[in-house]
Protein chains: 2
Amino acid sequence: MMEETLRAYKERLEKALSDLPMEGAPDILKESMRYSLLSGGKRLRGCLLLSACEMAGGNIQDALPFACALEMIHAYSLIHDDLPAMDDDTMRRGKPTNHVVYGEAVAILAGDALLTHAFEIMAQSAHPSAFQALGEIARAAGISGMIAGQTLDVTMEGSKPEKELVEKIHLGKTAALLTAPITAGLMLAGASEAQIAAGREFGMHLGVAFQIVDDILDLEGDPALMGKTLGKDQAEGKLTWPACVGLNQAKADAKQHIDSAVSALVPFGKKAEFLQALAISTLHRVQ
Amino acid sequence: MMEETLRAYKERLEKALSDLPMEGAPDILKESMRYSLLSGGKRLRGCLLLSACEMAGGNIQDALPFACALEMIHAYSLIHDDLPAMDDDTMRRGKPTNHVVYGEAVAILAGDALLTHAFEIMAQSAHPSAFQALGEIARAAGISGMIAGQTLDVTMEGSKPEKELVEKIHLGKTAALLTAPITAGLMLAGASEAQIAAGREFGMHLGVAFQIVDDILDLEGDPALMGKTLGKDQAEGKLTWPACVGLNQAKADAKQHIDSAVSALVPFGKKAEFLQALAISTLHRVQ
């Protein structure tokens, strides 16, 4: 049942992303933006936002522009992350990365464009909580959130793996942009402060668990299934959770975070079942 | 008198930029952002916003976060523009460019961070027109505005200089981000639709004139005064207005655009004097 609901959210989101207005953009820019934005992926961020909004009784139609915005921000971060000056990745989801296809200049611009367009799309919403939700997403994507994590990830490469630092990287790089969909989705549903705080707790634990699982998959995953080069983290001295605590402890910690995430949503009762099941399914990738 | 008013706006803006909260940002990111954001410059975009807001009876204090946001967006665009994969510039305002000092990875992230932080700062405003002004700025910085112009500028390099294409580049690359300060400033002052339309007319003509003057200065300017490498446009086959119409016609066209800009603000009466004088002063750089 969880799989079915997820598929329904995803289909709705894929259609909205594919129909996204991009008037005025030069053809090459539009093509490069769409190449990365419509290249599949789990759509986790967008689906989290739609389901969080529904969990609190909100309207999915109102939430769609914000779900699209999150997917655009995620896509921009991957394009810039893959650049030669950054992680220098040539494959992503089984396809050549954006700069391999369009060149570095257009890839940089396409990333900038996706980030800016996310805000342009959100700013067109007439929803009474649109401005608040936009602020929440800006903060998560910003200098105390995703960009903080990415900066530490890039500049601390090769330094000693210490738990505090790695957790800071995970909270920024991954958890911030998995928490904002929950909190923004709840805001768009008119949720209470207490509900938003519970959602924030859920998102942070889910996000940290998700990154730990990603680190584990880089060590143990199947490259054919993953559609990208594996084993790179270790080779490049990336700061990962398994490097801090060992593989077994990393698996235990991921499970612990998912337990905490599931507990955080108890106040939502049966309506939280989808998000709780989704959180638990994260662990199936490595267990 | 115009100079004095401009200096007052600029001082106010410099202080706000220097005091800008950047909590949570890793030190190296903050340093790199501030290196480019606080490296001087004319602060034209921010000053335009403050003065447009005042021209329509608005409060400068309310407008400051938006003026800062525009300067952040301008700074991000210069950092990314200077990257080796883009214009490959090593000097800007008499100082080494961001990537020369901090490396390409941090420079890309600092650009992303300035863009995102602009939206984060605007989203913190409690002004009733904040959301509308943010949308106006997002559109100007986006795929039909600044990024459209930059994409054409980068990808059409070396093609035949045709007036229609060059005007499109100028409208996007420069005029969009000189128009948004005017329209957003007017929105924050609660101006009427007609006033906003007049402001848009002014901004577009000023912006096109400004870029034509910039193109002329690249041919005729004094490198010591400009603080950057000159003559690069021609060497790289950049599409410039003088390359389309010749140097003398380019000067005449700049003057024509400034005349139109000045006329557009006639409905504001004496209150428009500062912006009109500022527009006219643009021409002094080349005449």
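Quick note: numbers below take in every heavy atom, side chains included, and nothing from hydrogens, waters or symmetry partners. Chain letters run A, B, ... following the sequence lines, proteins first, then strands; residues in each count from 1.
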**OP:** Could you grab the distance from atom NE2 of His74(A) to atom OG1 of Thr174(A), nearest 0.5 Å is fine?
**Re:** 9.0 Å
Original post:
What distance separates Gln195(A) CD from Arg200(A) CZ, expressed to the nearest 0.5 Å?
Top reply: 13.5 Å
Contact winner vs chain A - [options], heavy-atom pairs under 4.5 Å:
| options | answer |
| --- | --- |
| Ala107(B), Gly145(B), Ala118(B), Ala141(B) | Ala141(B) |
| Val106(B), Ile121(B), Thr151(B), Leu83(B) | Thr151(B) |
| Asp112(B), Ile137(B), Leu114(B), Thr155(B) | Asp112(B) |

Subject >> Short N-O contact, Asp218(A) and Lys238(A), less than 4.0 angstrom >> reply: no
Original post:
Charged N to carboxylate O under 4.0 angstrom, Arg45(B) versus Glu71(B)?
Top reply: no
**OP:** Kindly confirm or rule out a cation-pi arrangement of Lys95(B) over Tyr35(B), judged by NZ or CZ under 6.0 Å from the six-membered ring centre and within 45° of its axis?
**Re:** yes
Subject >> Region of Met33(B) in contact with chain A, defined by heavy-atom distances below 4.5 Å >> reply: side chain
Original post:
Under a 4.5 Å heavy-atom cut-off, does chain A meet the side chain of Glu23(B), its backbone, both or neither?
Top reply: backbone
**OP:** Determine the option with the most heavy-atom pairs under 4.5 angstrom with chain B, choosing from Gly135(A), Pro26(A), Ala148(A).
**Re:** Pro26(A)
Original post:
Top residue by heavy-atom pair count (under 4.5 Å) with chain B, among Glu104(A), Met22(A), His80(A)?
Top reply: His80(A)
Original post:
Applying the salt bridge (Lys or Arg N to Asp or Glu O under 4.0 Å) test to Lys160(A), which of Glu157(A), Glu164(A), Glu162(A) qualifies?
Top reply: Glu162(A)
Original post:
Heavy-atom distance under 4.5 Å to chain B: side chain of Leu109(A), backbone, both or neither?
Top reply: both
